[in-house]
Amino acid sequence: MYFAVSLDGNHEPLLIAFALGTINRDNSWLWFMRRLKECLGDNTEVGFISHMSDSIDFAVQRVYPDSYHGYCCKNIAEKIRASIESNTVNGNDLHWLDNIPIAKWVRACFPRVRFNVKFIDIPVVVNWFKTNTHEFPITTIIEMVHDSMQAVYLQRVAFGVHFTGDFHGLLTPYALKVIHKRFIHSDGCRITYIVGDRYEVTKYSTTESVQLDRGICSCGKCQKCGIPCEHAIASLQRLEIAEIHQMVNLKLSTSVYRNAYQTEMVNPIPTLRHWEIPVESVVVLPPRQFN
């Protein structure tokens, strides 16, 4: 099963596309990535976090040549853990770590908003389908995944309706939680005004440079997740809290969250006569019978 998962404005994983095909084949991943681009459009800026796979690398480089593609830190950690648990670790067992380019380490190099994402959890329902539905026909599996996605949309539509109407309702609960945490961390910061919207903020023995007009801080947190860091918040103390909330990236606003789920409908599965039949067919043999 191929699937594409994103993070919504409340920092929750959302399955946006899925397909069934041959595992780890370049042409299959290329087909999936092209269909994904048709759904997202040419003008969408995207970055990819994936398992380590030459086939996924192949597809991303050809369909999204200008995007960033890094490896899931959780997947790499699981591979290392599996090697350790197998008690076969030696100097050669982890040689593949040396072959991962530095730019592929998502934690350090992911250039988009939410720079600090190490991985995106696969929705539980997807993992369940991957491990518990082998005995079902493909058409049944597809319908089950579709229905589960529809249920998630309906739940989040209902969740978005309950956002409050005051300035707290401008941002998703995730964004509000991060801001509250950073307000606490801003306590004890010493602010030095430089010029215009530029400040130097010192806490303990560390000094950071903040440029409010550009929404950046030398600590990198403002740029990483689209939410003012503790240094920026300390510099913004002269503002009303509603104004501080307005400096959060639009992607974390409740209006964008509601808009993402406003259709309340997941695209239906086309009928069999509309299915795209690949030129290269794969013959699947029945299980062997033993006496």
Side-chain angles (χ1 to χ4, degrees), residues 5-14 44-50 67-74 76-77 102-121 163 167-257 260:
V5 180
S6 66
L7 286 176
D8 65 17
N10 201 38
H11 216 66
E12 295 177 304
L14 174 67
T44 304
E45 289 189 72
V46 294
F48 294 92
I49 304 172
S50 76
S67 69
Y68 171 78
H69 176 213
Y71 293 143
C72 171
C73 296
K74 185 176 182 180
I76 294 174
I102 292 177
K104 289 291 188 181
W105 291 93
V106 168
R107 185 63 170 178
C109 301
F110 196 65
R112 304 298 183 194
V113 171
R114 300 191 184 95
F115 175 103
N116 59 340
V117 171
K118 293 183 291 186
F119 58 87
I120 298 178
D121 277 327
F163 290 139
F167 62 81
H168 287 288
L170 296 174
L171 303 177
T172 61
Y174 163 77
L176 290 172
K177 179 180 178 180
V178 174
I179 285 182
H180 177 71
K181 181 178 179 180
R182 292 183 176 179
F183 259 106
I184 295 174
H185 288 173
S186 68
D187 187 38
C189 289
R190 291 185 289 107
I191 304 98
T192 303
Y193 175 71
I194 305 301
V195 64
D197 276 342
R198 297 184 61 186
Y199 296 82
E200 282 190 351
V201 180
T202 302
K203 187 172 184 180
Y204 306 125
S205 59
T206 303
T207 299
E208 304 291 353
S209 177
V210 178
Q211 297 183 51
L212 295 179
D213 56 336
R214 298 178 59 190
I216 63 175
C217 177
S218 57
C219 76
K221 290 183 179 179
C222 291
Q223 304 90 289
K224 291 175 183 177
C225 64
I227 300 174
C229 63
E230 54 264 34
H231 310 107
I233 287 176
S235 304
L236 289 166
Q237 293 293 350
R238 71 184 190 282
L239 300 179
E240 297 292 333
I241 190 169
E243 295 178 279
I244 296 175
H245 284 190
Q246 290 172 1
M247 297 187 68
V248 176
N249 192 287
L250 184 62
K251 296 178 182 179
L252 298 170
S253 66
T254 54
S255 59
V256 171
Y257 182 93

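- No more than 12 heavy atoms of other residues, nucleotides or ligands sit less than 6.0 Å from atom CG of D187.
- Nearest heavy-atom pair, P228 versus R182, reported as atom, atom and distance to 0.1 Å: O-CD, 3.2 Å.
- If you take CD1 on I227 and NZ on K251, they are separated by 13.0 Å, rounding to the nearest 0.5 Å.
- For the atom pair CG of L7 and CG of L14, the computed distance is 9.0 Å after rounding to the nearest 0.5 Å.
- At a threshold of 4.5 Å between non-hydrogen side-chain atoms, the residues H69 and S50 count as touching.
- Atom-to-atom distance recorded for C222:SG and E230:CD is 8.5 Å, nearest 0.5 angstrom.
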Acceptor/donor pairs from residues 204-211 side chains to any protein atom, 3.5 angstrom cut, sequence neighbours excluded:
| from | atom 1 | to | atom 2 | distance (Å) |
| --- | --- | --- | --- | --- |
| T207 | OG1 | T202 | OG1 | 2.9 |
| E208 | OE1 | S218 | OG | 2.5 |
| E208 | OE1 | C219 | N | 3.3 |

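- Rounding to the nearest 0.5 Å gives a distance of 14.0 Å between CG of L171 and OH of Y257.
- The two residues V5 and P13 make their nearest non-hydrogen contact at CG1-CB, 3.9 Å.
- Contact check for C72 versus I49: side-chain heavy atoms found under the 4.5 Å cut-off.
- Taken from CD1 in I233 to NZ in K221, the straight-line distance is 10.0 Å, to the nearest 0.5 Å.
- Counting all heavy atoms, side chain and backbone alike, V201 lies closest to S235 at CG2-OG, 3.4 Å.
- The CD1 atom of I184 lies 12.5 Å from the CD1 atom of I179; values are rounded to the nearest 0.5 Å.
- Within the 4.5 Å cutoff, side-chain heavy atoms of P173 are placed close to those of N10.
- Ring geometry for Y199 against Y193 counts as perpendicular: the plane angle is over 60°, on a 0 to 90° scale with 30° as the lower cut.
- For the pair C189 and K203, the tightest heavy-atom approach, listed with the atom from each and the gap, is SG-CD, 3.9 Å.
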